[in-house]
Amino acid sequence: VRPDPAVGEVYATFASRFGDALRDALEDTAADDAEAIALMTSALLGALLGAWSLGRTPITRVYEQLDRAVDLVFDQPRTRS
């Protein structure tokens, strides 16, 4: 794998905007918790998009997993039944 400066620049812009939007949505959350949530969701997004780009998962699964993560962050986790 070789670094591509053009891709790196686009990704840096995307990651910055994603993090800013997430932190804005968490404005009532303690700053250190908001940073932890931003880090976790950024890592999740990177892993999911990486798997998709390698053909290991369909984009619909990426959307499903991101939706689930948002639910976990903004709602309470479900209890075992």
Side-chain angles (χ1 to χ4, degrees):
V1 175
R2 294 184 180 193
D4 184 332
V7 172
E9 184 178 325
V10 170
Y11 180 78
T13 299
F14 165 77
S16 176
R17 289 179 181 169
F18 176 78
D20 290 347
L22 187 56
R23 282 185 288 279
D24 287 348
L26 297 169
E27 67 183 23
D28 295 332
T29 304
D32 55 340
D33 287 347
E35 285 298 320
I37 291 168
L39 178 61
M40 288 187 314
T41 54
S42 293
L44 175 64
L45 181 61
L48 291 170
L49 289 178
W52 168 74
S53 72
L54 294 171
R56 294 182 182 156
T57 192
I59 196 67
T60 55
R61 182 77 174 141
V62 171
Y63 293 144
E64 290 167 359
Q65 291 296 316
L66 289 173
D67 286 345
R68 184 71 190 118
V70 168
D71 289 344
L72 287 171
V73 168
F74 290 102
D75 294 331
Q76 287 187 321
R78 297 173 291 166
T79 57
R80 289 183 189 228
S81 42

Quiz item: Looking at Arg17 and Asp20, does any basic side-chain N land under 4.0 Å from a carboxylate oxygen?
Solution: no
Quiz prompt | Connected via hydrophobic side-chain network under 4.5 Å: Val10 and Phe18 | solution = no
Quiz item: Should Tyr11 and Ile59 be regarded as members of a common hydrophobic cluster, given that ILVMFWY residues are connected when their side-chain heavy atoms come within less than 4.5 Å of each other, either directly or indirectly?
Solution: yes
Quiz prompt | Interatomic spacing from OG1 in Thr41 to CG in Leu48 - rounded to 0.5 Å | solution = 11.0 Å
Considering non-hydrogen atoms only, spot the tightest contact between [X] and [Y] and give its length.
{"X": "Pro58", "Y": "Trp52", "answer": "C-CD1, 4.0 Å"}
{"X": "Ala69", "Y": "Leu44", "answer": "CB-CD2, 3.4 Å"}
{"X": "Ile37", "Y": "Leu22", "answer": "O-CD2, 4.0 Å"}

Quiz prompt | Qualifying residue for side-chain contact (heavy atoms from CB on, under 4.5 Å) with Leu49, from Leu54, Thr57, Val62 | solution = Val62
Exercise. Assess whether atom OH of Tyr63 is packed by more than 12 heavy atoms of other residues, nucleotides or ligands within 6.0 Å.
Key: no
Self-check item: From CA spacing to verdict: side chain to side chain contact (heavy atoms under 4.5 Å, CB included), Leu45, Phe14
Solution: CA-CA 11 Å; Leu45 181 61; Phe14 165 77; 3.3 Å; yes
Quiz prompt | Side-chain (Ser16) to main-chain (Ala12) donor-acceptor, under 3.5 angstrom | solution = no
